[in-house]
Amino acid sequence: MIKRTPDYYRVVLFVISIMISMSVTAQTFKEDQKRYPRVRQAYADKEYKVLALLESNHLSAENLTLYLRAFKQEKELELWAKCNTDSKFVLLKTYSICSTCGVLGPKRKQGDMQIPEGFYHINIFNPSSNFYLSLGINYPNKSDKILGVKGKLGGDIYIHGDCVTIGCLPITDDQIKELYVFCVEARTGGQKTIPVSFFPAKLNKETYFDLKTKYANQTTTLSLWKDLKDAYDFFELNKQLPSIQFLSNGQHSIK
C-alpha cells in the first residue's frame, strides 16, 4: 500500500482547483459576452449559420481553432478553422473588407492612416464598440515597436462593423456579427490566442515579383514582405501555421 503524504494531497487539490478554474473560465466567457445586447443579437441572427458551416466542414464549436488572414490589396479577410486534434486548417469563409485607407506597406506611426502588416492576434473582444462589434488586434507587435516611431506608434486597431476606417478592417455590421460569434465560440472552447496575419496582398509568385519591382527602394518594407511571403508559402503548402519568432532587428524567423 502506497502511503499518501500531506504534500501529495495538497498537490492533488491544487491540480483539481486549476482544472475547475479553467473549466469555469471557459464556460463563462460566452455567458459574459451574451450579457451585451449586440452579442445576443449576433447569436440570434448568426448562430445557426455558424453551427451549420462548422458541421458542413466536420468541425464543432467545442474544440475549435481559428486563424485569420487579411489581404489589403484584395480587400479580403479569410477565416480558417480546424479541430484542436486536426493538423490542417480548412477555409470556412471569406469576408469582404468594405473600406481601406493608406497604401501598401506596414503601419509605422500614429496617424499615418496605414493598416498594419505582420503577425498579430486578437486580444480584445469589444461587445459595445462604436462600430457595432469589434475584435482588437495586438498592434503594435514586437516588430512594430522596434521599427516604428518610438512613442508615437498608435494603437486601437480592430476588425469591426460599419464601413469606415483610419487603419482598421471594417467588414460591415452584418459580417462582424458572424465573425464575432465564431471567435467567441473558439475562445469559449479554449483558444485563448486567435492569430491574425495582415498581408499587403496574396503573395503568390507573380504578385510578390510585382511588389518587389514597384517598391524596390523600400528595403525595410521588402524585408517584412519577405517574412510574410515565407509564412504565406508555408501555410499555402501545408495548411498549417509556421513557427514565427520575432528577432531583435524587427525581422522574423519563419520555420
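None of these values were measured; they are calculated from a predicted model. Below, each value reflects all heavy atoms present in this structure, side chains not excepted, and no hydrogens, waters or symmetry copies.
- More than 12 heavy atoms of other shown residues, nucleotides or ligands fall within 6.0 angstrom of atom NZ in Lys239.
- Under the 4.5 Å side-chain contact rule for hydrophobic residues, Leu79 and Leu64 share a cluster.
- Looking at every heavy atom in both residues, Lys192 comes nearest to Arg187 through CA-CD, 4.1 Å.
- Cluster membership for Leu68 and Leu169, using ILVMFWY side-chain heavy atoms within less than 4.5 angstrom, is shared.
- The environment of Lys202 atom NZ is dense: over 12 non-hydrogen atoms of other residues, nucleotides or ligands sit within 6.0 angstrom.
- Taking every heavy atom of both residues into account, Pro140 and Gly154 meet most closely at CD-O, 3.8 Å.
- In this structure a side-chain-to-backbone donor-acceptor pair under 3.5 Å is missing from Asn238 to Gln240.
- Listed for the Gln41 side chain is no donor-acceptor partner under 3.5 Å among the backbone atoms of Pro37.
- Annotation: side chain of Lys109 is not in contact with side chain of Leu153 (no heavy-atom distance under 4.5 Å).
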(message) Before you tell me yes or no, could you show the steps for Phe125 and Phe29 under ring pair (Phe, Tyr, Trp, His ring centres under 6.0 Å), namely the whole-Å CA-CA distance, both residues' side-chain angles and the distance that decides it to 0.1 Å?
(response) CA-CA 10 Å; Phe125 285 75; Phe29 182 77; 5.1 Å; yes
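- The distance from the SG atom of Cys168 to the CD1 atom of Ile115 is 8.0 Å, given to the nearest 0.5 Å.
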(request) Please assess Glu178 against Lys93 for the test salt bridge (charged side-chain N to carboxylate O under 4.0 Å, His left out), listing each intermediate value before the final yes or no. (result) CA-CA 10 Å; Glu178 182 175 285; Lys93 190 78 176 278; 2.6 Å; yes
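- Among Ser197, Pro106, Ser143, the single residue meeting the side chain to side chain contact (heavy atoms under 4.5 Å, CB included) criterion with Glu117 is Pro106.
- Asp162 has its side chain out of reach of Pro170: every pair of non-hydrogen atoms, C-beta onward, lies at least 4.5 Å apart.
- Side-chain contact annotation: Glu78 with Tyr95, donor-acceptor N/O pair under 3.5 Å absent.
- Although no hydrogens or angles enter the test, the distance criterion places no donor-acceptor pair under 3.5 Å between the side chain of Thr207 and the main chain of Leu203.
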(request) Give the intermediate values and the outcome of side chain to side chain contact (heavy atoms under 4.5 Å, CB included) for residues Cys183 and Leu66. (result) CA-CA 8 Å; Cys183 291; Leu66 300 179; 4.2 Å; yes
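- Proximity of a side-chain donor or acceptor of Arg38 to a complementary backbone N or O of Ser129 within less than 3.5 Å is detected.
- A 6.0 Å sphere centred on CD1 of Ile166 holds no more than 12 heavy atoms belonging to other residues, nucleotides or ligands.
- Contact check for Asn141 versus Tyr120: side-chain heavy atoms found under the 4.5 Å cut-off.
- The pair Asp230-Lys255 does not meet the salt-bridge criterion, since no charged nitrogen lies less than 4.0 angstrom from a carboxylate oxygen.
- No side-chain heavy atom of Leu54 sits less than 4.5 Å from a side-chain heavy atom of Ser60.
- Using a 4.5 Å cut-off between side-chain heavy atoms of Ile, Leu, Val, Met, Phe, Trp and Tyr, with links allowed through other members, Ile194 and Val181 fall into the same hydrophobic cluster.
- A donor-acceptor pair under 3.5 Å is formed between the side chain of Gln114 and the backbone N or O of Val103.
- For the pair Ile137/Ile122, a side-chain contact is recorded, criterion being any heavy-atom separation below 4.5 Å from C-beta on.
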(message) As a quick check of understanding, evaluate side chain to side chain contact (heavy atoms under 4.5 Å, CB included) for Asp174 and Lys46, giving each step before the final call.
(response) CA-CA 9 Å; Asp174 185 65; Lys46 299 296 183 178; 3.0 Å; yes
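- When each of Trp80, Phe235, Phe182 is checked for a ring-ring contact (aromatic ring centres under 6.0 Å, His included) with Tyr67, only Phe235 meets the rule.
- Counting heavy-atom neighbours within 6.0 Å of Lys214 NZ, excluding the residue itself, gives a total of 12 or less.
- Both Ile244 and Leu241 are part of a single hydrophobic cluster, where members link through side-chain heavy atoms under 4.5 Å apart.
- Side-chain rings of Phe131 and Tyr158 stay apart, their centers remaining 6.0 Å or farther from each other.
- Around atom CD of Glu55, no more than 12 heavy atoms belonging to other residues, nucleotides or ligands sit under 6.0 Å away.
- Taking 4.5 Å as the limit, every side-chain heavy atom of Cys83 sits out of range of all side-chain heavy atoms of Thr65.
- Taking CG of Asp156 as the reference point, atom CG of Asn130 lies at 10.5 Å (rounded to 0.5 Å).
- Ion pair Lys177/Asp173 not flagged as a salt bridge, since none of the NZ, NE, NH1 or NH2 atoms sits closer than 4.0 Å to an Asp/Glu carboxylate oxygen.
- Summarising the geometry, atom CG belonging to Leu228 is positioned 11.5 Å from atom CG belonging to Leu222; distances are rounded to the nearest 0.5 Å.
- For the atom pair CZ of Phe246 and CD1 of Ile146, the computed distance is 9.0 Å after rounding to the nearest 0.5 Å.
- The backbone N or O of Arg108 lies less than 3.5 Å from a partner atom in the side chain of Asp112, making a donor-acceptor pair.
- Closest heavy-atom contact between Leu59 and Ala81: CD1-CB, 3.8 Å.
- Although no hydrogens or angles enter the test, the distance criterion places a donor-acceptor pair under 3.5 Å between the side chain of Ser56 and the main chain of Leu53.
- Taking the six-membered ring where the residue is Trp, His252 and Phe119 present perpendicular rings, their angle passing 60° and hence far from 30°.
- To the nearest 0.5 Å, atom SG of residue Cys98 and atom CG of residue Leu77 are 11.5 Å apart.
- Between Tyr232 and Tyr208 the shortest side-chain heavy-atom distance does not fall below 4.5 Å.
- A donor-acceptor contact shorter than 3.5 Å links the side chain of Asn204 to the backbone of Glu206.
- Note that the CD atom of Glu47 and the NZ atom of Lys49 stand 13.5 Å from one another [nearest 0.5 Å].
- Judged by distance alone, with hydrogens and angles left aside, the side-chain atoms of Glu62 form no donor-acceptor pair with the main-chain N or O of Gly189 at under 3.5 Å.
- Both Ile157 and Tyr132 are part of a single hydrophobic cluster, where members link through side-chain heavy atoms under 4.5 Å apart.
- Judged purely by atom type and a 3.5 angstrom limit, Glu74 has no side-chain atom pairing as donor or acceptor with the backbone of Glu76.
- In this structure, a donor-acceptor pair under 3.5 Å is absent between the side chains of Glu185 and Tyr180.
- Classified by interplanar angle (parallel below 30°, tilted 30° to 60°, perpendicular above 60°), the ring pair Phe199/Phe71 is parallel.
- Considering every non-hydrogen atom in both Val39 and Pro127, the closest pair reads CG2-CB, 3.5 Å.
- Considering all non-hydrogen atoms of both residues, Pro242 and Ile254 come closest at CB-CG2, 3.9 Å.
- In this structure, Asp210 has no salt bridge (charged side-chain N to carboxylate O under 4.0 Å, His left out) partners at least two apart in sequence or on a different chain.
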(request) Go through Ile159 and Ser134 one step at a time and tell me if the side chain to side chain contact (heavy atoms under 4.5 Å, CB included) criterion holds. (result) CA-CA 6 Å; Ile159 301 169; Ser134 60; over 6 Å; no
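- In terms of heavy-atom proximity, Val196 sits nearest to Phe198 at CG1-CE1, 3.4 Å.
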